[in-house]
2 protein chains.
Amino acid sequence: MTIRSSTKLSDAIHLLAYIRYFKGDDLSSEAIAKSIETSPVVVRRLMSQLSHAGLLITTRGKAQPELTIPEDQLTLLAIQQAVDPHPILTVDRKTNPKCPVGGHIQTILTDHYQEVEAAAKKQMAAITLADIMTDLHEANRKDELK
Amino acid sequence: MTIRSSTKLSDAIHLLAYIRYFKGDDLSSEAIAKSIETSPVVVRRLMSQLSHAGLLITTRGKAQPELTIPEDQLTLLAIQQAVDPHPILTVDRKTNPKCPVGGHIQTILTDHYQEVEAAAKKQMAAITLADIMTDLHEANRKDELK
DNA sequence: CTACTTGTAACTTTTAAAGTTACAAAAAGG
DNA sequence: CCTTTTTGTAACTTTAAAAGTTACAAGTAG
């Protein structure tokens, strides 16, 4: 059994950053897709997940998505939970229950993986879209000087 | 682009715990495979990775693998680095370089992902095979009482 | 009414993990 | 030595989830 670690979080942050960076401009799924270099459907799917999670307001037929909360309150953790809520580490679920090791390792690993997960989540909760926007504006400011 | 999050770390810890739990007994890849419920080749592949990383001593034709370091010095981080050295979060590498957002988001996300990675690694370095063995022995002690 | 746009379902493609087959090479016991 | 058992690996197939695609209903806006 395998679970893929996707680029959904990456693309979702990209999408949200785009919405904020180009607010007032063309915010259609088509325009955003060109920046992410993917298809508009992928963008709409991500936006759909974000709006279902209550992080974004979208309207059918209207290319004007809007954040529901301030940038500095929108954490990477919230975005990840919305678009890609998979645990970081995966426990093998197919071990021999009759073996003293195979019969207990799953529970034991689940507990310890939880600790790792918690550490990662704590850090993801400490990074917000505002941080990303600051970095973005700084990077573009430096570009201008060249 | 996608990267799979595998059960390799899980299986590698299982394997190492098995070796310690059943030391002196049958430690063939066949026996271990039965506990993990996989094929002996998968077990040998993991053992090969662990021995190349200097964590395990294996000998051709001899079913007696041994740890190179004490249980309490063998961390989950070291095991993970040996068998599945993938970052936790993946940055989308295919974004539009000509876009102010797409052109910078990769570098920015890489930096922030690094922080999350570091937090997870710190926690993985705090958990050792000795912890797993303690949990295992306790779980089996409780089983006996039933 | 027309031209866009979003929201989704259903489908295909892609790709890395996991599993399989096969066999060389070393070990161990006679 | 010879036989049996085992590890080490290469090469291949299978599997499953992400990513991409097609299609279209359902809104928006003039």
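In the text below, chain A, chain B and the rest are named by the order of the sequence lines, each starting its count at 1.
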Handout entry: Sorted by number, the residues of residues 8-23 of chain A with heavy-atom contact under 4.0 Å to DNA chain D
Key =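 Within residues 8-23 of chain A, the residues near DNA chain D are Lys8(A).
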Problem - Members of residues 41-49 of chain A that approach DNA chain C, where some heavy atom sits under 4.0 Å away - result: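 Only Val41(A), Arg44(A), Arg45(A), Ser48(A) qualify.
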Whole-Å gap separating [atom2] ([N]) and [atom1] ([X]):
X: Ile36(B); N: dA17(C); atom1: CD1; atom2: C1'; result: 15 Å
X: Asp92(A); N: dA17(C); atom1: CG; atom2: P; result: 15 Å
X: Asp26(B); N: dT7(D); atom1: CG; atom2: C1'; result: 13 Å
X: Leu27(A); N: dT5(C); atom1: CG; atom2: P; result: 12 Å
X: Arg93(A); N: dA17(D); atom1: CZ; atom2: P; result: 14 Å
X: Ile57(B); N: dT6(D); atom1: CD1; atom2: P; result: 21 Å
X: His86(B); N: dA16(C); atom1: NE2; atom2: P; result: 9 Å
X: Glu30(A); N: dT22(D); atom1: CD; atom2: P; result: 13 Å

Practice task
Look at all strands and tell whether Ser39(B) reaches a base, only sugar-phosphate, or nothing, counting heavy atoms closer than 4.0 Å.
Solution key: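 The answer is base, as Ser39(B) lies within the cut-off (heavy atoms under 4.0 Å) of a base atom.
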Between [X] and [N], is there a side-chain N or O to OP1/OP2 distance below 4.0 Å?
X: His52(A); N: dG7(C); value: no
X: Thr58(B); N: dG8(D); value: yes
X: Ser6(A); N: dA17(D); value: no

Exercise for the section: Only counting residues at least two apart or in another chain, list the ones meeting side chain to side chain contact (heavy atoms under 4.5 Å, CB included) with Thr134(B). Expected result: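 Thr134(B): no side chain to side chain contact (heavy atoms under 4.5 Å, CB included) contacts found.
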Practice task
Identify, with sequence neighbours excluded, every residue that meets side chain to side chain contact (heavy atoms under 4.5 Å, CB included) alongside Ala119(B).
Solution key: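 Per chain and number, Ala119(B) pairs via side chain to side chain contact (heavy atoms under 4.5 Å, CB included) with Gln123(A).
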Could you go through nucleotides 26-30 of chain D and list every protein N or O atom that sits under 3.5 Å from one of its N or O atoms, giving the distance for each pair?
residue	atom	partner	partner atom	Å
dA26(D)	O4'	Arg60(A)	NH1	2.5
dT28(D)	O4'	Arg60(A)	O	3.4

Practice task
Go through the structure and list residues passing side chain to side chain donor-acceptor pair (under 3.5 Å) with Asp26(B), not counting sequence neighbours.
Solution key: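 Applying side chain to side chain donor-acceptor pair (under 3.5 Å) to Asp26(B) gives Ser28(B).
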Practice task
Return the set of residues passing side chain to side chain donor-acceptor pair (under 3.5 Å) with Arg44(A) (not counting sequence neighbours), or none when no residue passes.
Solution key: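 Partners of Arg44(A) by the side chain to side chain donor-acceptor pair (under 3.5 Å) criterion, ordered by chain and then number, come out as Ser29(A).
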Problem - Along DNA chain D (nearest heavy atom to each residue), the more 5'-positioned of Thr38(A) and Ala63(B) - result: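 Upstream on the strand: Ala63(B).
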Problem - salt bridge (Lys or Arg N to Asp or Glu O under 4.0 Å) involving Lys142(B) - partner list, sequence neighbours excluded - result: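 Lys142(B) satisfies salt bridge (Lys or Arg N to Asp or Glu O under 4.0 Å) with Glu138(B) once adjacent residues are dropped.
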Donor-acceptor pairs under 3.5 Å, side chain of residues 53-69 of chain B to any protein atom, not counting sequence neighbours: which ones?
residue	atom	partner	partner atom	Å
Thr68(B)	OG1	Gly54(B)	O	2.7
Thr68(B)	OG1	Leu55(B)	O	3.3

Practice task
Starting at OG1 of Thr95(A), measure out to CZ of Arg93(A) and round the result to the nearest 0.5 Å.
Solution key: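 Spacing of OG1 (Thr95(A)) from CZ (Arg93(A)) equals 9.0 Å.
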Problem - Asn96(A) side chain to Ser35(B) side chain, donor-acceptor N/O pair below 3.5 angstrom - result: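 Short answer, no.
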Practice task
State which residue, out of Val42(B), Val43(B), Leu27(B), Thr38(B), fulfils the side-chain contact (heavy atoms from CB on, under 4.5 Å) condition with Leu15(B).
Solution key: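 By the side-chain contact (heavy atoms from CB on, under 4.5 Å) criterion, Leu15(B) pairs with just one of Val42(B), Val43(B), Leu27(B), Thr38(B): Val43(B).
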Below 3.5 Å, can you tabulate the donor-acceptor pairs from side chains in residues 72-81 of chain A to any protein atom, sequence neighbours excluded?
residue	atom	partner	partner atom	Å
Thr75(A)	OG1	Leu77(A)	N	3.4
Thr75(A)	OG1	Ala78(A)	N	3.0

Practice task
Could you note down all residue pairs passing salt bridge (charged side-chain N to carboxylate O under 4.0 Å, His left out) where residues 100-109 of chain B supplies at least one of them, sequence neighbours left out?
Solution key: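 Counting only pairs at least two positions apart or across chains, no salt bridge (charged side-chain N to carboxylate O under 4.0 Å, His left out) contact touches residues 100-109 of chain B.
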Going by atom type alone, with no hydrogens or angles, which donor-acceptor pairs under 3.5 Å involve a side-chain atom of residues 16-25 of chain A and a protein atom two or more places apart or on another chain?
residue	atom	partner	partner atom	Å
Arg20(A)	NE	Glu71(A)	OE2	2.6
Arg20(A)	NH2	Glu71(A)	OE2	3.4
Tyr21(A)	OH	Asn140(A)	ND2	3.4

